[in-house]
Every structure is written in structure tokens, then in C-alpha cells.
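In what follows, chains carry the letters A, B, and so on, assigned in the order in which the sequence lines appear, proteins first and then strands, with residues in each chain numbered from 1. Computed over heavy atoms, backbone and side chain alike; hydrogens, waters and symmetry mates excluded.
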2 protein chains.
Amino acid sequence: MPLDRELLKGSIAVLILKLLSERDMYGYEIIQESLRRSDDAFEFKEGTLYPALHQLHKRGYLRSEWRTGESGKQRKYYSLTAVGRKAARRSEKEWFVFTKIVNAILSGANS
Amino acid sequence: MPLDRELLKGSIAVLILKLLSERDMYGYEIIQESLRRSDDAFEFKEGTLYPALHQLHKRGYLRSEWRTGESGKQRKYYSLTAVGRKAARRSEKEWFVFTKIVNAILSGANS
DNA sequence: TCTACTGCCTCGTTATACGAGGTATGATAA
DNA sequence: TTATCATACCTCGTATAACGAGGCAGTAGA
């Protein structure tokens, strides 16, 4: 069963912020890590991820820094700013509240 | 805490299909019922709901029928077609799968 | 009479996901 | 050596969506 494209919307930022709150990561790594944690169910598309990272950066949530690994390859590492850390906590909470509300409606709450 | 607008996306169809799988409803009633079940947290906007209903109708998921209540007011009732009933089950399942996957990433699964 | 609620609708704006395409490097296999 | 693959970054255009704002009309109540 493929992931419903529509459902993905809005969860992007939550996931990026959460992952970066655990450790600094570069874009490609975020994609791989999401695949790993979801047993290959959730694949960030590059056309989605990179613009999203730039937007979070523009909003002041992220810092970016080029680092060179032992392989000699350049990687752009992202880390959370103080503001970004707050946004990470807030967005995760919003996610839980939101799913709780939808589940309430789905389960026929207050019936 | 206001609902994150972005998170709402994609959950619209799931909720409409689920509500209509319980009983026939008219548009305005869907809005009221969502508010009631979510303790006023989830309000379908009319500019969102009516186009969504029309689209589901166009896809063959819904039937619509004008009925006159005892008040004399015309209401357009929607009900699920056979195809719509299948879509309702499928979309609800997709919702649970999707939230499970996101929660897995958020919780650091496979770490 | 005037306001509030019910009940339907459309249009324009804004945002977004992402497919498709591009560039460049390093590693591996033929 | 050469070709291919994985890594690693990016942008642009398209399609779609949410929804604010507006409009219409009937009913109820102050």
C-alpha cells in the first residue's frame, strides 16, 4: 500500500525538526534515516526535502554548515537553532494533538 | 493551540468518508459533527468541505440527494456508493498506517 | 426590523509536494 | 580504463489543495 500523498503534507517539517533535534544531519542522511526508521515505508523525495530544508533555514530554525567527511565529499550539515529547538517541540506536540483529534472523530467520540 | 493548517491536509477525505459510512449527512451537518466529536477543535471550513464533497462525488464515491426537512429547508444529503464504502475503509486504514509510520520515525524506531 | 443561524455555493490566492531534470564526486565492477 | 552506481546537492514547472472572502436564500428569535 503506497503512502497517501495527501497525508504526507504537513508532516514534513515535524519529521525534519525531530530528526535534527537528535543530531546534526545532512539532507541525504535525513532521507536514509527516515527510510531506516520506517522500514522503507517513508521516503522523503529530494524535490520535497531540499526546498523544505531551505525554507526552515530561511525561517531561522536551522543553521547549515559544509563539512568534509573522510571520503573528501562535501556534505551540508544542518543543526537546530534555539528557535528551531522550540519549533521542534511545538510541532511534535501539534502532531500528537492533531492525530488525537482525527482519531477522536474516526472513533465516533462523544457519540 | 490552533490546529496546524498543514497537518490538516489529506485528512479531509478520510474524515468525510468515515462520517458518511456511519450515516447519510449533509454538508453543514458534517461540519457540526466534526466540531462535536472533537470538542470544537476540528472545524471543517466551508471553502474546504464543499469542494471536497463535490470532488468525492465526481470520483463516484458519493451519491447526493436533496431532501426537505420538517422545517421546509432543503438539504443536500450525501451517502456512500459501494465504491465509496471501499474507499472509506481503505482511507481509514491508510490513515492508521501513515500515523504509525510517522510515529515510528518520531520515536526513533530501529535505533 | 435586524441579527444570527442554517445551508448551499464559487472564485482567487497562496502554498506545497514532487517529478523531472541537472551537476559533481567517489567507489565498484567489467 | 571505462562504465555504472550510489552519494550528495540543487532548481523549475506542474498539479493540486486549503480556505478566506464573498454571495445567495430561508428561518428563528429578539
Checklist outcome for this item: note: A:Ile31, atom CD1; D:dA6, atom C1'; distance rounded to Å ~ 13 Å

Checklist entry - side-chain hydrogen bond (donor to acceptor under 3.5 Å, both in side chains) with A:Thr68: which residues, sequence neighbours excluded? => result A:Gln74

Checklist entry - How long is the line joining CG of B:Leu49 and P of D:dA21, in whole Å? => result 18 Å

Next on the checklist: If we ignore hydrogens and angles and just use 3.5 Å, is the side chain of B:Arg75 paired with the main-chain N or O of B:Trp66 as donor and acceptor?
Outcome noted: no

Item to check | side chain to side chain contact (heavy atoms under 4.5 Å, CB included) partners of A:Ser34, counting only residues at least two apart | outcome: A:Leu19, A:Ile30, A:Phe42, A:Phe44, B:Ile105

Checklist entry - Is there any salt bridge (Lys or Arg N to Asp or Glu O under 4.0 Å) pair reaching into residues 14-24 of chain A, and which pairs are they, with sequence neighbours excluded? => result A:Lys18-A:Glu92, A:Glu22-A:Arg37, A:Arg23-A:Glu29, A:Arg23-A:Glu33, A:Asp24-A:Arg67

Checklist entry - Among all residues two or more places apart in sequence or in another chain, which pass the side-chain hydrogen bond (donor to acceptor under 3.5 Å, both in side chains) test with A:Arg89? => result none

Next on the checklist: Measure CZ/A:Arg67 against P/D:dC9 and give the value in whole Å, please.
Outcome noted: 12 Å

Next on the checklist: Run the side chain to side chain contact (heavy atoms under 4.5 Å, CB included) test against A:Gln55 and tell me which residues pass, sequence neighbours left out.
Outcome noted: A:Arg59

Item to check | Base-paired stems in DNA chain D, each at least three Watson-Crick or G-U pairs under 3.5 Å | outcome: C:1-30 with D:1-30

Checklist entry - If the sugar-phosphate is the primed atoms plus P, OP1 and OP2 and the base is the rest, what is the B/S/- string for nucleotides 2-11 of chain C, using protein heavy atoms under 4.0 Å? => result ----BBBBB-

Next on the checklist: Please report the distance, rounded to the nearest Å, between NZ in A:Lys45 and C1' in D:dC12.
Outcome noted: 18 Å

Item to check | Counterpart residues, side-chain hydrogen bond (donor to acceptor under 3.5 Å, both in side chains), relative to A:Gln32 (two or more places apart) | outcome: none

Checklist entry - Once you round it to whole Å, what is the distance between P of D:dA18 and CZ of B:Phe42? => result 10 Å

Checklist entry - For A:Tyr78, what residues pass the ring pair (Phe, Tyr, Trp, His ring centres under 6.0 Å) criterion, not counting sequence neighbours? => result none

Checklist entry - How close or far is atom P of D:dC9 from atom CG of A:Leu62, stated in whole angstroms? => result 13 Å

Checklist entry - Rounded to the Å, how far apart are B:Gln55 CD and D:dC19 P? => result 15 Å

